[in-house]
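All remarks here apply to the structure that follows.
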Amino acid sequence: MPAYWLMKSEPDECSIDDALAAPGQTVPWTGVRNYQARNFMWKQMQPEDGVLFYHSSCAEPGIYGIAQVTGAPYPDPTQFDVSSKYFDTQSKPDAPRWWLVDVRAVRKTIPLLLSTMRSDPQLEGLLVLQKGSRLSITPVSPAHWHYITTTLL
DNA sequence: GCCAACGTTGGC
DNA sequence: GCCAACGTTGGC
């Protein structure tokens, strides 16, 4: 049984277009520095899990594409890179603190804006719609996934 | 730029 | 283990 996720990315850093243009249409999901989000990638994600590609911190936040998890989790290389803004002095190579998965962009979709999702009663309970939700990776129920991908996108 | 909500840190 | 202070996220 595949699981489904919503993953936020700042389009200035990596948009759905950037992901589609990457080699293999695949990008490493670097920079997650929240334990809950890390644990989803490290402990729960499986290859071929479905991903709603969400643009955050931009003019029109919302879902802009569909992607999927590829491969097994591995340590985020940016945590050991002193020149990276994600460098973590506390993390040691023999005990990495931050893990990630690779994400392959499948296709760009019509924008499904946050404002649109908020006004759709069928999406009640979607975690990204919760007040004050800041978590950059959230699980999506199969029912919500199917409704979003087959009816809204 | 503002600020509410949340996560983390560290003193006690 | 509590909780105040602080830093960050992210929509608006």
Side-chain angles (χ1 to χ4, degrees), chain A residues 3-22 25-45 49-69 73-141 143-145 147-149 151-153:
Chain A
Y4 305 101
W5 310 92
L6 182 145
M7 299 177 79
K8 295 181 187 174
S9 181
E10 297 187 17
D12 286 350
E13 293 219 349
C14 181
S15 68
I16 184 68
D17 292 311
D18 295 331
L20 283 167
Q25 299 182 195
T26 300
V27 291
W29 210 261
T30 54
V32 169
R33 296 294 181 267
N34 168 283
Y35 290 104
Q36 221 181 326
R38 176 207 65 177
N39 287 345
F40 287 141
M41 292 198 284
W42 191 16
K43 303 291 189 186
Q44 289 191 231
M45 284 187 180
D49 278 1
V51 173
L52 300 172
F53 198 113
Y54 181 96
H55 287 181
S56 67
S57 296
C58 57
E60 296 192 298
I63 294 166
Y64 283 79
I66 305 236
Q68 71 183 185
V69 175
Y74 60 96
D76 182 342
T78 63
Q79 70 195 302
F80 305 122
D81 178 358
V82 290
S83 68
S84 169
K85 67 172 174 175
Y86 299 118
F87 177 65
D88 183 348
T89 50
Q90 311 264 59
S91 188
K92 299 286 173 281
D94 58 351
R97 177 179 290 190
W98 305 111
W99 294 70
L100 54 68
V101 295
D102 286 341
V103 172
R104 186 176 69 84
V106 175
R107 66 184 174 95
K108 192 174 182 175
T109 63
I110 59 165
L112 174 54
L113 301 184
L114 181 61
S115 54
T116 306
M117 291 194 280
R118 282 200 192 286
S119 62
D120 189 334
Q122 298 247 60
L123 293 179
E124 197 182 331
L126 191 67
L127 289 174
V128 77
L129 302 182
Q130 282 188 177
K131 187 179 176 188
S133 162
R134 298 188 312 166
L135 198 54
S136 65
I137 300 175
T138 46
V140 173
S141 72
H144 282 149
W145 168 269
Y147 174 63
I148 290 168
T149 56
T151 304
L152 299 181
L153 297 179

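Hydrogens, waters and symmetry mates play no part in the numbers below; they use all other heavy atoms, side chains included.
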Whole Å only: how far is the [atom1] atom of [X] from the [atom2] atom of [N]?
X	N	atom1	atom2	value
A:Gln130	B:dG7	CD	P	11 Å
A:Leu127	B:dA5	CG	C1'	15 Å
A:Glu60	C:dC12	CD	P	11 Å
A:Leu135	B:dG7	CG	P	8 Å
A:Met117	C:dC12	CE	P	11 Å
A:Leu129	C:dG11	CG	C1'	12 Å
A:Arg134	B:dA5	CZ	P	11 Å
A:Leu113	C:dG10	CG	P	17 Å

Nearest to the side chain of [X], which nucleotide is it out of [options]?
X	options	answer
A:Tyr35	B:dA4, C:dG7, B:dT8	B:dT8
A:Lys131	C:dT9, B:dA4, C:dC12	B:dA4
A:Ser136	C:dT8, C:dC12, C:dG10	C:dG10

| field | Short side-chain N/O contact to C:dT8 OP1/OP2 from A:Tyr86, under 4.0 Å | value | no
| query | For B:dT8, does either OP1 or OP2 sit under 4.0 Å from a side-chain N or O belonging to A:Arg97? | reply | no
| query | Quick check, are the ring centers of A:Trp29 and A:Phe53 under 6.0 angstrom apart? | reply | yes
| Centroid separation A:Tyr35 to A:Trp98 less than 6.0 Å | yes
| field | For A:Val32, the option from A:Ile137, A:Leu100, A:Asp76, A:Val101 that meets side-chain contact (heavy atoms from CB on, under 4.5 Å) | value | A:Ile137
| field | The single option from A:Pro111, A:Cys14, A:Ser15 passing side-chain contact (heavy atoms from CB on, under 4.5 Å) against A:His55 | value | A:Ser15
